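By convention in this document, chain letters (A, B, ...) are assigned in the order of the sequence lines, proteins followed by strands, and residues within each chain are numbered from 1. On a predicted model such as this, the values are computed, not experimentally measured, just so you know. Side chains are part of it too, since the values below use all heavy atoms of this structure and drop only hydrogens, waters and symmetry mates.
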Number of protein chains: 2
Amino acid sequence: MDLIFHALADTTRRDILTRVMSTEQSVSALARRYDMSFAAVQKHVAVLERASLVTKQRQGREQIVQGDPGTLRRARRLLDDYEDLWRMRVSAIDDLLAEETPGTAGRDPNTTTH
Amino acid sequence: MDLIFHALADTTRRDILTRVMSTEQSVSALARRYDMSFAAVQKHVAVLERASLVTKQRQGREQIVQGDPGTLRRARRLLDDYEDLWRMRVSAIDDLLAEETPGTAGRDPNTTTH
DNA sequence: CTAACGTACAACCAAATGGTTGTAGATACG
DNA sequence: CGTATCTACAACCATTTGGTTGTACGTTAG
């Protein structure tokens, strides 16, 4: 998890991810889009790869990069879990209020049912 | 966004977030749970606060920390967007296949309709 | 009032990050 | 064949990170 979120905590890497999620591309094709050295982009891809957000696949002399939706889902699920915690906490307070003053539902504006 | 994901890229911080999402707590109450100095935990909370994942609220001499579900939602949405990119890409390939060999739907096992 | 508690913040340190340049090995092209 | 392209990787550098300790200050408890 540390690896996943760390990989996502960089604008360039998120941009690379955006690109390869919709179209798989070679590392050099990606590098051409950014104002930094090939080696720098190569490192960014390596970080994404270590996090399993991306996979590489050799094709001749090129290395084709493609996104991995499975890892993305795992990350999203974690965020969902945090939101669930919040909802449970609020509903616990709601229950308490409902018990004390029945009829006064007191909905929390931050709580969104999906 | 960098701040948000960077804040999430640390086990201790995610653990703090888990705690305050379900129950708001003072910084020192949090600090007692971890095998590190108060100052270290204080810094972790500061990182979460800079990322707006958490808000602090003074109460006498204590500083009460509570989770912010809104920021969490923003992060989750971004991950959703990446998954959407993937689905659009796959469906584009599907359309192409459907056009070439109608009847052979060829569903991608990675694609999950929500 | 005094002592203990909760917090803020500075100074310091080792390790990791994000970038660079340079070198070298495969693979494709003319 | 020779040359250009794509990749890998090492060495280096400035900055940030995650931790420490120490000091100072407002607030609560005895």
For [X] and [N], give me the distance from atom [atom1] to atom [atom2], rounded to whole Å.
X	N	atom1	atom2	answer
A/Y34	C/dG18	OH	P	15 Å
A/Q59	C/dT27	CD	P	14 Å
A/R13	C/dG18	CZ	C1'	8 Å
A/M36	C/dT17	CE	C1'	13 Å
B/Q63	D/dC25	CD	P	19 Å
A/F38	C/dG25	CZ	P	17 Å
B/E62	C/dA4	CD	C1'	13 Å
A/D10	C/dA16	CG	P	18 Å

Give [X] one of three labels, base, sugar-phosphate or nothing, depending on what nucleic acid heavy atoms sit under 4.0 Å from its own.
X	result
B/S28	sugar-phosphate
A/S26	sugar-phosphate
A/A31	nothing

| request: Return the nearest nucleotide to the side chain of A/A39; candidates are D/dG19, C/dT21, D/dA8. | output: C/dT21

| How many angstroms lie between atom CE of B/M36 and atom OG1 of B/T12, to the nearest 0.5 angstrom? | 3.5 Å

| remark: Distance col, row A/R14:CZ vs A/L8:CG, nearest 0.5 angstrom, shows 7.5 Å

Does [N] have its OP1 or OP2 closer than 4.0 Å to a side-chain nitrogen or oxygen of [X]?
X	N	result
A/H6	D/dT16	no
A/Q42	D/dA8	yes
A/S37	C/dT20	yes
A/R58	C/dA26	no

| More 5' along DNA chain C: A/A9 or A/G60, using each one's nearest nucleotide? | A/A9

| The single option from B/D80, B/L79, B/L72 passing side-chain contact (heavy atoms from CB on, under 4.5 Å) against B/R76 | B/D80

| said: For B/V65, run the side-chain contact (heavy atoms from CB on, under 4.5 Å) check against B/R19, B/E24, B/E49, B/K56 and tell me which one passes. | reply: B/K56

| request: Would you state whether a donor and an acceptor, one from the side chain of B/R61 and one from the base of C/dT7, lie under 3.5 Å apart? | output: no

| remark: Taking for A/K43 and for A/I64 the nucleotide of DNA chain D with the nearest heavy atom, the one nearer the 5' end belongs to A/I64

| said: Quick check on DNA chain D: between B/A40 and B/R50, whose nearest nucleotide comes earlier from the 5' end? | reply: B/R50

| query | Is there a path from A/L53 to A/V47 through hydrophobic residues (I, L, V, M, F, W, Y) whose side chains come within less than 4.5 Å of each other? | reply | no

